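Only heavy atoms go into these numbers, but all of them, side chains included; no hydrogens, no water, no symmetry mates. Quantities reported herein were computed from a predicted structural model and do not represent experimental measurements.
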Amino acid sequence: MEVHLSIGQTHRFELHEALLIYKSGQKSFITQHSVLRHDGASPTLGPAQPLTMNFVDSLLRSLRRNCDLEVLPEHVLGTGDQTLVWWTPRRERQMFYRNTEDKATELNGKTFPQPPLVWRVSGGTLAVRALRENRRPAAITKLAFAPFWNVSHSGQVCLGSMRCPESATVAAIIDWEEGFYESAFTHGNVARLTKHAGGFAAMWNELAGKRKPFPTKCLIELPETLAQFVRGK
């Protein structure tokens with residue numbers, strides 16, 4: 001069998017090894033096989049060998065060899081395989097609300113002060129938490145609920161029709177943030193999103209159009225630390 005790939009350079013690739021995946025329900029295992037060549041005949045698979053971590057590490061290094069390195073700006077907190085975590089200081093952003101029950105329609109399209117936030121993109125998903133202090137968090141910094149609709153108890157954002165970048169790179173950070181704010185906030189996933197005495201709608205109504213810092217005293221603190229959030233646990 002011949003396979004033609006366009007990789008921008010001329011290389012000759014030969015089939016050396018094959019991995020076979022066996023599945024039974026939720027369980028699976030993989031065997032590694034050498035490829036045996038025979039004069040005038042098609043190659044065949046050698047005896048099965050158990051997959052070793054050394055082979056997996058070698059394979060991962062080979063796959064990542066062509067990944068471009070990038071300089072990380074100060075606001076990036078962590079990177080990993082298809083994962084990027086960063087923080088944003090307090091600022092003002094326009095927000096859009098739309099839902100079938102006509103809730104919070106008075107907030108739609110207005111500009112609001114935002115709390116400092118921590119963002120995590122991993123495997124095409126987005127999670128967000130809030131910070132009580134407007135500075136770069138440390139690994140042990142305790143996080144808070146992000147006081148937004150569309151965000152679950154674990155911080156996961158319901159992406160819905162949100163415009164999502166395909167990558168988790170530094171260059172895609174702005175697109176992830178714009179996709180989040182430019183999509184409509186449609187529903188609440190958490191029963192209590194703020195300690196404000198009047199609740200969610202009252203807090204955002206008070207902040208609409210105001211040029212003042214977000215009142216972080218209204219945030220609900222979590223036992224979760226930045227280190228746990230970065231690891232997705």
Within the distance-only criterion (no hydrogens, no angle test), does the side chain of [X] pair as donor or acceptor with the backbone N or O of [Y] below 3.5 angstrom?
{"X": "Ser183", "Y": "Gly179", "answer": "yes"}
{"X": "Ser152", "Y": "Asn189", "answer": "no"}
{"X": "Ser122", "Y": "Thr125", "answer": "no"}

Heavy atoms, side chains only, cut-off 4.5 Å: are [X] and [Y] in contact?
{"X": "His33", "Y": "Leu20", "result": "yes"}
{"X": "Gln228", "Y": "Val230", "result": "no"}
{"X": "Val121", "Y": "Cys164", "result": "no"}
{"X": "Leu72", "Y": "Val170", "result": "yes"}
{"X": "His196", "Y": "Lys217", "result": "no"}
{"X": "Arg136", "Y": "Leu77", "result": "yes"}
{"X": "Ser167", "Y": "Gln82", "result": "no"}
{"X": "Lys103", "Y": "Phe200", "result": "no"}

Quiz prompt | Audit row: Leu126, Met162, side chain to side chain contact (heavy atoms under 4.5 Å, CB included) steps and yes/no | solution = CA-CA 11 Å; Leu126 174 66; Met162 177 180 155; 3.7 Å; yes

Around atom [atom1] of [X], are there more than 12 heavy atoms from other residues, nucleotides or ligands closer than 6.0 Å?
{"X": "Glu17", "atom1": "CD", "result": "yes"}
{"X": "Glu74", "atom1": "CD", "result": "yes"}
{"X": "His153", "atom1": "NE2", "result": "no"}
{"X": "Lys195", "atom1": "NZ", "result": "yes"}

Kindly give the heavy-atom pair with the smallest separation between [X] and [Y], and that separation in Å.
{"X": "Pro43", "Y": "Val35", "answer": "CB-CG1, 3.7 Å"}
{"X": "Thr88", "Y": "Trp119", "answer": "OG1-NE1, 3.0 Å"}
{"X": "Asn150", "Y": "Ala184", "answer": "ND2-O, 3.0 Å"}
{"X": "Leu193", "Y": "Ala146", "answer": "CD2-O, 3.8 Å"}
{"X": "Val157", "Y": "Val151", "answer": "CG2-CG2, 4.2 Å"}
{"X": "Ala104", "Y": "Trp149", "answer": "CB-CH2, 3.8 Å"}

Quiz item: Can a cation-pi geometry be assigned to Arg120 and Phe229, taking NZ or CZ under 6.0 Å from the six-membered ring centre and within 45° of the ring axis?
Solution: yes

Shared hydrophobic cluster for [X] and [Y] (ILVMFWY, side-chain gaps under 4.5 Å):
{"X": "Phe96", "Y": "Phe112", "value": "no"}
{"X": "Ile220", "Y": "Leu131", "value": "no"}
{"X": "Val118", "Y": "Leu159", "value": "no"}
{"X": "Ile21", "Y": "Leu19", "value": "yes"}
{"X": "Val128", "Y": "Ile173", "value": "yes"}

Looking at [atom1] of [X] and [atom2] of [Y], how far apart are the two atoms once the value is rounded to the nearest 0.5 Å?
{"X": "Arg135", "Y": "Arg90", "atom1": "CZ", "atom2": "CZ", "value": "12.5 Å"}
{"X": "Arg163", "Y": "Trp176", "atom1": "CZ", "atom2": "CH2", "value": "10.5 Å"}
{"X": "Lys210", "Y": "Asn205", "atom1": "NZ", "atom2": "CG", "value": "9.5 Å"}
{"X": "Leu207", "Y": "Gln114", "atom1": "CG", "atom2": "CD", "value": "9.0 Å"}
{"X": "Asn108", "Y": "Met95", "atom1": "CG", "atom2": "CE", "value": "10.5 Å"}
{"X": "Lys23", "Y": "Ile30", "atom1": "NZ", "atom2": "CD1", "value": "9.5 Å"}

Quiz item: Do the ring planes of Phe29 and Tyr22 sit parallel (below 30°), tilted (30 to 60°) or perpendicular (above 60°)?
Solution: parallel

Quiz item: Looking at Phe180 versus Phe185, is the centre-to-centre ring distance below 6.0 Å?
Solution: yes

Practice problem: Walk me through it: do Ser34 and His16 pass the test side-chain hydrogen bond (donor to acceptor under 3.5 Å, both in side chains)? | Solution: CA-CA 6 Å; Ser34 297; His16 279 267; over 6 Å; no

Practice problem: For side chain to side chain contact (heavy atoms under 4.5 Å, CB included), just list the numbers for Thr141 and Arg132, CA-CA rounded to whole Å, side-chain angles, deciding distance to a tenth of an Å, and then say yes or no. | Solution: CA-CA 9 Å; Thr141 298; Arg132 286 180 56 83; over 6 Å; no

Practice problem: May I ask you to check whether Tyr97 and Glu106 show a side-chain donor-acceptor distance below 3.5 Å? | Solution: no

Quiz prompt | Derivation of the side chain to side chain contact (heavy atoms under 4.5 Å, CB included) call for Arg129 and Leu117 | solution = CA-CA 6 Å; Arg129 290 299 200 196; Leu117 296 172; over 6 Å; no

Exercise. Test Leu143 against Glu224 for side chain to side chain contact (heavy atoms under 4.5 Å, CB included), laying out the working first.
Key: CA-CA 6 Å; Leu143 307 182; Glu224 183 184 35; 4.2 Å; yes

Quiz item: Salt bridge or not for Glu92 and Arg211, using N-O below 4.0 Å?
Solution: yes

Self-check item: Salt bridge present between Glu177 and Arg91 (N-O < 4.0 angstrom)
Solution: yes

